[in-house]
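First the structure, in the form of structure tokens, and then the observations on it.
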Number of protein chains: 2
Amino acid sequence: MSEIQRPGALYQQVAAAIREAILSGEFTAGAPLPSETQLIARYQVSRPTVRNAIAALRAEGLIEVRHGKGSFVRTTGTPALTINRRVTRSRGGQFTSADGIEWTTAEAPAVFRSHTTQATGALLGLDAEEAVFVCDRLLTDPATGTRALHRTTIPFEVAEGIDTLAEAPDREPDAIYALLSEAGHTLWWSETVRARMPLPDERTALQLPDATPVMHLARITHGTDDRPLILEELRAGADRAQLVYRITADKAAATRSSRNA
Amino acid sequence: MSEIQRPGALYQQVAAAIREAILSGEFTAGAPLPSETQLIARYQVSRPTVRNAIAALRAEGLIEVRHGKGSFVRTTGTPALTINRRVTRSRGGQFTSADGIEWTTAEAPAVFRSHTTQATGALLGLDAEEAVFVCDRLLTDPATGTRALHRTTIPFEVAEGIDTLAEAPDREPDAIYALLSEAGHTLWWSETVRARMPLPDERTALQLPDATPVMHLARITHGTDDRPLILEELRAGADRAQLVYRITADKAAATRSSRNA
DNA sequence: TGACGTCACTTGTCCTGACGAGTTATGAGT
DNA sequence: ACTCATAACTCGTCAGGACAAGTGACGTCA
């Protein structure tokens, strides 16, 4: 490199130079970066070094590379997909939890029998290798084309206790909640949000670009005696999706306490 | 490669072979993978191909590489850090929202005056370039050493309306909430959860390993007339942190409706 | 016994060279 | 004017080589 010596390896210096050029506005969002050949000439380094620098910027999610076309500055648009959770206490003590999106199920849901893994078993309060129904859905937001993977896991022993559930476990969550309520359960939910890098099959199924994490939402429906009944998992690309929790107290509730972060 | 031809490039075949070896249990969590030299001999490919395969597995977060030591299967342990949000309606209509963690503020919080960016301005219902107080904290969980970045953003016009807030904006969130309540505000919160790849400075501040996303939690405190008052942001490595929302209805509330995902 | 230097291992960096594969503009032929 | 083959660009893949840098074990020397 002909530039001033920065800390670290050559390719990191190149990456830092390109990063600054992007952040300073020399390359605006969506604009093409110089080609590898041009970067080689510009910084007087070999092609592996340039490619290494580009790989670093890709891993940061700062740029996007298209085969045969070039590298482009990624657009950091607002997520097209907002999953709303509302916890509202309206009059009469009624409780409402709602989504804001209209999903479309592209293909028929895939239902199969399986067993709990160590991870899912722990969430459902079961041992590993317990028999469960699994129902997979590919959800699509028709407005933007954003995709999400939805999976419902119902233990056999829960399904058998509820009339008509074991015969058709591929119901929509609402219908299942209704069945559980009719069976006398008082329901509450816990939702666990995590993020991680996608597995290869998730990358293709969700059509994720480089360096895009998936958000993993695990919702557990609890019944009477706080017994975990059903596990729902929602996976969506973090570049398009965000989760919003709205926590509302009614007017009488002004007192609050304890720590918050 | 001496193995059966799989789809895709050579390095992807090698990566797939190693991935299967990990998932099938040939290499358990924490165990060292064969060295690059050994992988070259095993699959009869060149070093760039092996390194490319390893890079792919690193980007997936499946393995971890330590300079001079080797590659290791990453432990997919349960997050050490669980941020709990409880939305409980106990008797008398009391409202409680609480964390489950005890944070330690390693260094003194850094307070400075700044301006809203386009992103933060939109969240607070302000234009860009509006004057705000910003308070940065580095939080540490003493039990595990897990770190998180906390930022409080208070617009000038909010701070000036509240007695003693403008003089000492570096209070803990609870104290600020108390001040707002005393000033006659009825508070409610909205929390937006997103995930993305960390910027380089976040990587170092949070001590993140490779291919680890950050979870970005933006909590907005709303006051009377739903006016956005304060923005809190919490950033933590997604390898260690998870967010749990517990949604509880009291016993009278059995009815529920609308879609859920 | 203890301290320390050396050496053999590991991954990291960087180079040269070559060809394959996707994209697009050019231009010849119809 | 239109079609289509070609060429010239882009990035992707793969080879082989060389040296730097981090790690740990081993053996030597005090």
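Just so we're on the same page: letters track the sequence lines, and every chain starts at 1.
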Q.
Less than 3.5 Å apart, any donor N or O on the side chain of A:Glu232 or A:His150 sitting next to an acceptor on the other?
A. yes
Q | chain A contact limits on DNA chain C, taken 5' to 3' with a cut-off of 4.0 angstrom to heavy atoms | A | C:dT13 to C:dT24
**Q.** Modelled atom types, side-chain donor and acceptor of B:Thr146 and B:Arg240, under 3.5 Å
**A.** yes
Q.
Any side-chain N or O of A:Arg58 below 4.0 angstrom from OP1/OP2 of D:dG12?
A. yes
(Q) Salt bridge check, B:Arg19 against B:Glu60: does any charged N sit closer than 4.0 Å to a carboxylate O? (A) yes
(Q) Please pick, from D:dA15, D:dC11, D:dG24, the nucleotide with the shortest atom-to-atom distance to any side-chain atom of B:Leu10. (A) D:dA15
Q. Rounded to the nearest Å, what distance is computed from the NZ atom of residue A:Lys69 to the C1' atom of nucleotide D:dT10?
A. 11 Å
Q: Please confirm whether the backbone N or O of A:Ser35 pairs with a side-chain atom of A:Gln38, one donor and one acceptor, at under 3.5 Å?
A: yes
Q) Under 3.5 Å, is there a donor-acceptor pair linking the side chains of B:Glu130 and B:His115? A) no
Q | Salt bridge A:Arg51-A:Glu36, side-chain N to carboxylate O under 4.0 Å | A | yes
Q) Between atom CD in A:Glu36 and atom C1' in D:dC9, what is the gap in whole Å? A) 12 Å
Q: Tell me, please, whether A:Phe72 has A:Arg66 positioned over its six-membered ring: NZ or CZ under 6.0 Å from the ring centre and within 45 degrees of its axis?
A: yes
Q: Please report, rounded to the nearest Å, how far the P atom of D:dC14 is from the CD1 atom of B:Ile40.
A: 14 Å
(Q) Can you work out whether B:Ser35 or B:Pro48 has the more 5'-proximal nearest nucleotide on DNA chain C? (A) B:Ser35
Q. Roughly, in whole Å, what's the span from CD in A:Gln12 to C1' in D:dA21?
A. 13 Å
Q: Quickly work out the B:Arg51 CZ to D:dG17 C1' distance and round it to whole Å.
A: 14 Å
Q. What does B:Arg66 touch in the nucleic acid at a heavy-atom separation under 4.0 angstrom: a base, only the sugar-phosphate, or nothing?
A. sugar-phosphate
Q.
Can you measure A:Asn52 atom CG to D:dC11 atom C1' for me and round it to whole angstrom units?
A. 15 Å
(Q) Rounding to an integer number of Å, can you tell me how far B:Glu64 CD sits from D:dG22 P? (A) 18 Å
Q) Atom CG of A:Leu39 to atom P of D:dT10: distance rounded to whole Å? A) 10 Å
